[in-house]
Every structure is written in C-alpha cells, then in structure tokens.
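Keep in mind that this is a model prediction, so the values were computed, not measured. All values below come from the heavy atoms of this structure, side chains included, with hydrogens, waters and symmetry mates left out.
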Amino acid sequence: MQKKRKQTFPPPTLRVLEIVLLSALLLALFFIGRSSASGTAELSYAIYHDQELLLRFKHKERAYGEFSLEELPGVIFSFNDSGLAIIANDCPDSYCLRQGRIKRPGEQIVCLPKHLLLRVETSAAEVDFITPVY
C-alpha cells in the first residue's frame, strides 16, 4: 500500500517574494508605457498670470537662454535643454526659485505672491490610472 502524500505549500517567504516580483513587473510595465506615450507627444510650456495665458511655446521652437515678459516685471525665466525655470524674482518668498526646472508633462512652478503659474503641457491627451472616468 502506498502512503498518501501530504500536500505541502510553499514557505511564506517564497509567496512574499512572488508578490514583490509581480508588483515590480507591473510597475515597470506601467512606467515603460507612460514614457513611450509621453515621448511621442510634443511638449509645450505655458506661462499664466492671474489665470490668463501670457506665453505658450513648444520645446523645439524656442531658443535657449534667459528671457522676461513685460507683464511680469522683476521675473526672469531661463529655458534650456533641461527645461524651464524662474531664476530671478522680486517676490518676498522666492519659493518659486527653489522649485527648480520643469520638463515633464504635468510639472509646474507656482509663485503665489505674483499669481504666476508655469506648466509643462503636451499635445496628446494623457490618460493614466488616476484619471477618473464618469
């Protein structure tokens, strides 16, 4: 007579390892899909003051360097291959100077005292897992 073999389950550490590897794979696929989708869209930069668009330009159409706008005295912008930044501002906090450069879609710089918003936009409509669908 043969003995019935007792069914064994994998140790808990093996199950945890499987879950971690599966999660890493899903995250990698998510970010690869996002980077390829945003890589085909054309980047543009928008500068708003009091919710009005002052300037919009495409990444490939503007020359690199520093510039200012007549509507925003005391504010100097810098644009290069690394993105758009505010490099000088006479507002009291100067928090916008510490926000660095923006280059990826959805990134933005905000200056509350001057009611200023810089935003990176794309020509393609982006849909991600956080976008609500009604």
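Residue Leu117 shares its hydrophobic cluster (ILVMFWY side chains chained together at separations under 4.5 Å) with Tyr48, Leu53, Val110, Leu112.
In plain terms, the two heavy atoms of Pro105 and Thr122 that are nearest each other are CG-CG2, 3.2 Å. Of all non-hydrogen atoms in Glu107 and Ile102, the two that sit nearest each other are OE1-CA, 3.4 Å.
The list of side chain to side chain donor-acceptor pair (under 3.5 Å) pairs with a residue in residues 67-79, not counting sequence neighbours, reads Ser78-Arg101. The salt bridge (Lys or Arg N to Asp or Glu O under 4.0 Å) analysis of residues 21-32, with sequence neighbours excluded, yields no pairs.
Remark: Cys111 SG to His49 NE2 distance equals 8.5 Å, nearest 0.5 Å. The CZ atom of Phe77 sits 5.0 Å away from atom CG of Leu72, with the distance rounded to the nearest 0.5 Å. Annotation: the span from Ile47 atom CD1 to Glu52 atom CD amounts to 14.5 Å, rounded to 0.5 Å. One finds the CZ atom of Arg119 at 10.0 Å from the OG atom of Ser44 (value rounded to the nearest 0.5 Å).
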Contacts under 3.5 angstrom, residues 81-91 side chains, donor-acceptor by atom type, not counting sequence neighbours:
| unit_1 | atom_1 | unit_2 | atom_2 | d |
| --- | --- | --- | --- | --- |
| Asp81 | OD1 | Tyr64 | OH | 3.3 |
| Asn89 | OD1 | Cys91 | N | 3.3 |
| Asp90 | OD1 | Lys114 | NZ | 2.5 |

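For Phe57, the ring-ring contact (aromatic ring centres under 6.0 Å, His included) partners at least two apart in sequence or on another chain are Tyr45, Phe79. For Arg56, the salt bridge (Lys or Arg N to Asp or Glu O under 4.0 Å) partners two or more places apart in sequence, or in a different chain, are Glu121.
Taking the side chain as every heavy atom from C-beta outward, Cys96 and Leu116 never approach each other to under 4.5 Å.
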